[in-house]
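All remarks here apply to the structure that follows.
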Amino acid sequence: KKKLKISVRQLLSVPTQVFSLEQLQVLMMSPEGDGCLRYRMELLSQEIGCLRNLTCLYVDSKNLKKIPAEIGTLSLLERLTLSSNSLPAEMGALQRLQSLHLANNSLTELPAPLWQLRSLTFLDVSDNKIDTIPSSIRHLEKLETLLLLFNSLESLPDDVCLLRNLHTLWLGNNHLRSLPAAFGELVNLDWGYNYCSCNFEGNPLESPSPEVCSRGPEGIRDYFSSLHRI
């Protein structure tokens, strides 16, 4: 793949020459270590739409305030990392997008364009300020990995239990006191073979308790079944 990595510590804007690289497939502006925290780029130019062959785009700037609508024209995009608290509606057109990273922002809710991204298999929205997950999450039927650590979630909608392809669900460090009654139906969350498949650490769970959760989907199913028998 034709790849370009920009690792200048004090990046203020994307160099204009980049937008003439029409055959570029991978554009990375997420340096290793703490470099990304030093980026001061506030706007991503609408000229990003010129890079029609991009399959991977990594934009990491703590000052990024706006994503241009033209990002929705990057129809070949499969992987996207953004540090931004608002997404344009046009992003819903990215029907090939499989992996979306929106961690370490100040999101208070999941952006509406997400529900149109039906090819998503990986979604990372950890380390934000999200307090609710809407029922629209059910539209992401292909989702295999959902990372929700370090948010402000107090509950999960029943619709999460419809995501039967999930094999990784990280819920640590939220405010969850209970799980949906059908949570045990997420049988691909297999604690037995992969402890990291699902985590609840840092939540004040009561129904079911952390001890029950540690038994995996089967233990959670048994717990809710016993409640129905009472």
_So, taking the atom named CG in Leu57 and the one named CD1 in Ile67, what distance separates them when rounded to the nearest 0.5 Å?_
8.5 Å
*Rounded to the nearest 0.5 Å, what separation is found between the SG atom of Cys56 and the CG atom of Leu74?*
11.5 Å
_Set out, in order, the CA-CA distance, both residues' side-chain angles and the distance that settles side-chain contact (heavy atoms from CB on, under 4.5 Å) for Arg52 and Thr73, then state yes or no._
CA-CA 7 Å; Arg52 296 293 180 88; Thr73 66; 3.7 Å; yes
*If you count the non-hydrogen atoms of other residues, nucleotides and ligands that lie under 6.0 Å from CD in Gln95, is the total more than 12?*
yes
*Apply side-chain contact (heavy atoms from CB on, under 4.5 Å) to Gln116 and Met91, showing your working.*
CA-CA 9 Å; Gln116 300 175 52; Met91 262 195 62; over 6 Å; no
*Judged by atom type as modelled, is there a donor-acceptor pair below 3.5 Å linking the side chain of Asn165 to the main-chain atoms of Leu163?*
no
*asked:* For the backbone of Gln25 and the side chain of Thr55, can you confirm whether one donor and one acceptor N or O come within less than 3.5 Å of each other?
replied: yes
*Distance-only, no hydrogens or angles: does the Asn128 side chain make a donor-acceptor pair with backbone N or O of Leu102 under 3.5 Å?*
yes
*asked:* Is there a side-chain contact between Leu148 and Val125 in this structure, where contact means two heavy atoms from C-beta onward sitting under 4.5 Å apart?
replied: yes
*Please confirm whether the backbone N or O of Ala103 pairs with a side-chain atom of Asn105, one donor and one acceptor, at under 3.5 Å?*
yes
*Can you list the steps and then say if Asp127 with Leu149 is a side-chain contact (heavy atoms from CB on, under 4.5 Å)?*
CA-CA 6 Å; Asp127 206 357; Leu149 299 89; over 6 Å; no
*Does any N or O in the side chain of Asn203 come within less than 3.5 Å of the main-chain N or O of His175, such that one atom is a donor and the other an acceptor?*
yes
*Measure across Arg96 and Ser119 and return the closest heavy-atom pair with its distance rounded to 0.1 Å.*
C-CB, 4.3 Å
*Which residues satisfy the ring-ring contact (aromatic ring centres under 6.0 Å, His included) test with Phe150, sequence neighbours excluded?*
none
*asked:* Please determine whether the number of non-hydrogen atoms from other residues, nucleotides or ligands lying under 6.0 Å from atom CD of Glu185 exceeds 12.
replied: yes
*Would you name the heavy atoms of Gly72 and Ala93 that are closest together and state the gap between them?*
O-CB, 3.7 Å
*For Leu179 and Tyr223, run side-chain contact (heavy atoms from CB on, under 4.5 Å): C-alpha distance rounded to whole Å, both residues' side-chain angles, the deciding distance at 0.1 Å, then the answer.*
CA-CA 11 Å; Leu179 297 177; Tyr223 168 81; over 6 Å; no
*Measuring from Leu76:CG to Leu51:CG, what's the distance to the nearest 0.5 Å?*
11.5 Å
_Which atom of Ser45 lies closest to which atom of Pro68, heavy atoms considered_ = O-CG, 3.6 Å
*With the 4.5 Å side-chain cut-off for hydrophobic clustering, are Leu156 and Leu162 part of the same group?*
no
*Would you please name every residue forming a ring-ring contact (aromatic ring centres under 6.0 Å, His included) with His139, sequence neighbours left out?*
none
*Output yes when a side-chain donor or acceptor of Asp159 lies under 3.5 Å from a complementary backbone atom of Ser136, and no otherwise.*
no
_Quick check for you: to the nearest 0.5 Å, what is the distance between Phe122 atom CZ and Leu97 atom CG?_
12.0 Å
*Over all heavy atoms of both residues, which pair between Trp115 and Ile137 is shortest? Give the atoms and the distance, please.*
CZ3-CA, 3.6 Å
*Straight-line distance of Leu123 CG to Leu117 CG, nearest 0.5 Å*: 9.0 Å
*Residue pair Ser20 / Gln17: nearest heavy atoms and the distance that separates them*: OG-O, 2.6 Å
_Under 4.5 Å between side-chain heavy atoms, counting indirect links through other Ile/Leu/Val/Met/Phe/Trp/Tyr residues: same cluster for Phe224 and Leu186 or not?_
yes
*Does Asn151 offer a backbone N or O that forms a donor-acceptor pair with the side chain of Asn174 under 3.5 Å?*
yes
*Can you tell if the side chain of Asp124 reaches within under 4.5 Å of the side chain of Thr145, non-hydrogen atoms only?*
no
*Between the main-chain N or O of Leu171 and the side-chain N or O of Asn199, is there a donor-acceptor pair closer than 3.5 Å?*
yes
*Return the minimal non-hydrogen interatomic distance between Lys3 and Leu24, and the atom names on each side.*
C-CD1, 3.9 Å
*Calculate, to the nearest 0.5 Å, the distance between atoms CD and CD1 belonging to Glu70 and Ile48 respectively.*
10.0 Å
*Please name the residue in the list Leu82, Ile6, Val26, Leu80 that meets the side chain to side chain contact (heavy atoms under 4.5 Å, CB included) test with Tyr58.*
Val26
